[in-house]
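Treat the numbers as computed from the prediction; the structure is a model and nothing was measured. So you know, we letter chains A, B, ... as the sequences are listed, proteins then strands, and number each from 1.
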Number of protein chains: 2
Amino acid sequence: MATGTNPAAAGTPQRILDVAERLVQRRGFNGFSYSNVAAELSVTNASLHYHFPTKAELGEALIARYTERFTAELERIEAGVPDAPGRLAAYADLYADVLRGERMCLCGILAAEYQTLPALMCAAVIRFFDQNEVWLERVLIKGREEGSLSFDGEPRSIAQSILSALEGAMLIARPYDDLERFQSDARRLLTGMLA
Amino acid sequence: MATGTNPAAAGTPQRILDVAERLVQRRGFNGFSYSNVAAELSVTNASLHYHFPTKAELGEALIARYTERFTAELERIEAGVPDAPGRLAAYADLYADVLRGERMCLCGILAAEYQTLPALMCAAVIRFFDQNEVWLERVLIKGREEGSLSFDGEPRSIAQSILSALEGAMLIARPYDDLERFQSDARRLLTGMLA
DNA sequence: GTCTATAGGCAGATAGAC
DNA sequence: GTCTATCTGCCTATAGAC
């Protein structure tokens, strides 16, 4: 073990985050409790507080890990998909994968609860969106240079619209429990803006 | 008074709904309490329970009233705006007005909390979205017949995409507290799909 | 690191006086 | 219709034993 901690317990914070993440993505930050997480892991409430003293800190850790993982996926797309249209399609597929797990985007659902979140979580949500927009903007600029994408207006502005549209498509598809609806919306919204 | 109730108290249920509606649109259904409403109205918790015995019933009443009011706005648009493109623009303006009140669409924010809502509220949220789609579909069909709108695919499917895109634009614009961002997104998303 | 035990507060909800 | 008073339960969080 790199950390030198008890091997059997080494992954505990990660397993806590795994369970909490799924709960937040399905029920929202105000819709889950320490007890929900504890019950699933068969540990006590107090044990969770050892790893994440406050719910706010747990929330910050959730966003940080989610953002890291998402960023890694974006880098993987850039490494594996050469053309800009393919990268945008792969980007939409990331959202579809989340939806397949019957989840909302973590930061999408936190955006809905934004006015009730601790300040540090708010800032982290914004950073997630900003990072997504920066990546999308880069893809758009590259696509325009290569001639594989054509659009009017500022790339950053288009990137914002793509993010909004995909988050909205997730938000609405989930009550209908309809993955195909999301994919249909995503396809239309993307092709529409890049006609 | 048509109801024959105490004049001074006649509007109490409405005032309760007014306060609760704003709280839900800003903080979510799991982010407000009877006490929050009571404090704003300077009445007691128990008094609220007289009018709305359970939080679920309060939630159902909120969606019912919101849907009625929204439907009335849609009829007003059809009566006042002759052309289909103008109707779509007016539809987007309804969302902008909500956002100006620093609120999310009531059913949009409830969609995020969907998995935690009582069954009757879930059904009512779906009905709201369906009603919106039916209206949008009608506008799209009329626009295509008149030649003022052109698009590929089923009108109902486009209507779904418009709803998703506008809800998403609201969801993301609110953390940024940026009305212009919403309007820019809405314009692009609409013109893109109806190119 | 995990436990038992518990604190202190707020949630939704009810009984009964006025 | 609104009040006071109260119930029960869950919430986040902490103290201290093991």
Side-chain angles (χ1 to χ4, degrees), chain A residues 1-21 23-24 26-63 110 113 115-121, chain B residues 1-21 23-24 26-63 110 113 115-121:
Chain A
M1 292 300 113
T3 55
T5 55
N6 172 9
T12 300
Q14 291 301 321
R15 287 188 301 131
I16 293 170
L17 291 174
D18 287 342
V19 172
E21 183 181 73
L23 285 169
V24 175
R26 289 189 182 169
R27 307 178 50 86
F29 192 71
N30 296 326
F32 91 105
S33 71
Y34 270 62
S35 303
N36 299 149
V37 180
E40 272 197 58
L41 293 173
S42 298
V43 295
T44 60
N45 218 304
S47 182
L48 299 184
H49 278 283
Y50 169 80
H51 296 283
F52 301 97
T54 68
K55 201 183 180 188
E57 287 170 275
L58 173 57
E60 291 158 30
L62 284 174
I63 305 174
L110 293 178
E113 300 176 290
Q115 310 217 17
T116 72
L117 300 180
L120 290 178
M121 287 184 67
Chain B
M1 294 301 113
T3 54
T5 55
N6 172 8
T12 301
Q14 292 300 322
R15 286 188 302 131
I16 293 169
L17 290 174
D18 288 342
V19 172
E21 183 181 74
L23 286 169
V24 175
R26 289 190 182 169
R27 307 177 50 87
F29 192 71
N30 296 326
F32 90 106
S33 71
Y34 270 62
S35 304
N36 300 149
V37 180
E40 272 198 56
L41 292 174
S42 298
V43 294
T44 60
N45 217 302
S47 182
L48 298 185
H49 278 282
Y50 169 80
H51 297 282
F52 302 96
T54 69
K55 201 182 180 187
E57 287 170 275
L58 173 57
E60 291 158 30
L62 283 174
I63 305 174
L110 293 178
E113 301 175 291
Q115 310 217 19
T116 72
L117 300 181
L120 288 179
M121 286 184 67

Are OP1 or OP2 of D:dT2 and a side-chain N or O of B:Thr12 less than 4.0 angstrom apart? yes
Are any of B:Thr44's side-chain N or O atoms less than 4.0 Å away from OP1 or OP2 of D:dC3? yes
Decide yes or no for B:Tyr34 and B:Leu58: does some side-chain heavy atom of the first lie under 4.5 Å from some side-chain heavy atom of the second? yes
For a 4.5 angstrom cut-off between non-hydrogen side-chain atoms, does B:Ile16 reach B:Val43? no
For the CD atom of A:Glu21 and the CG atom of A:Leu62, what is their distance to the nearest 0.5 Å? 6.5 Å
For [X] and [N], what is the distance between atoms [atom1] and [atom2] respectively, to the nearest whole Å?
| X | N | atom1 | atom2 | result |
| --- | --- | --- | --- | --- |
| B:Leu48 | D:dG1 | CG | P | 14 Å |
| A:His51 | D:dA13 | NE2 | C1' | 16 Å |
| A:Asn30 | D:dC10 | CG | P | 18 Å |
| A:Arg15 | C:dG1 | CZ | P | 12 Å |

I'd like to know whether A:Leu23 forms a side-chain contact (heavy atoms from CB on, under 4.5 Å) with A:Glu40, so could you lay out the CA-CA distance, the side-chain angles of the two residues, the decisive distance to 0.1 Å, and finally the verdict. CA-CA 11 Å; A:Leu23 285 169; A:Glu40 272 197 58; 4.1 Å; yes
Say whether B:Thr54 and B:Glu57, considering side chains only, have a donor N or O and an acceptor N or O under 3.5 Å apart. yes
State which of D:dC3, C:dT4, D:dC11 makes the closest approach to the side chain of A:Asn36. D:dC11
Residue pair A:Phe29 / A:Gly59: nearest heavy atoms and the distance that separates them: CE1-CA, 3.8 Å
At under 4.0 Å between heavy atoms, which parts of nucleotides 12-18 of chain C does protein reach? Answer with one letter per nucleotide, 5' to 3': B base, S sugar-phosphate only, - none. SBBB---
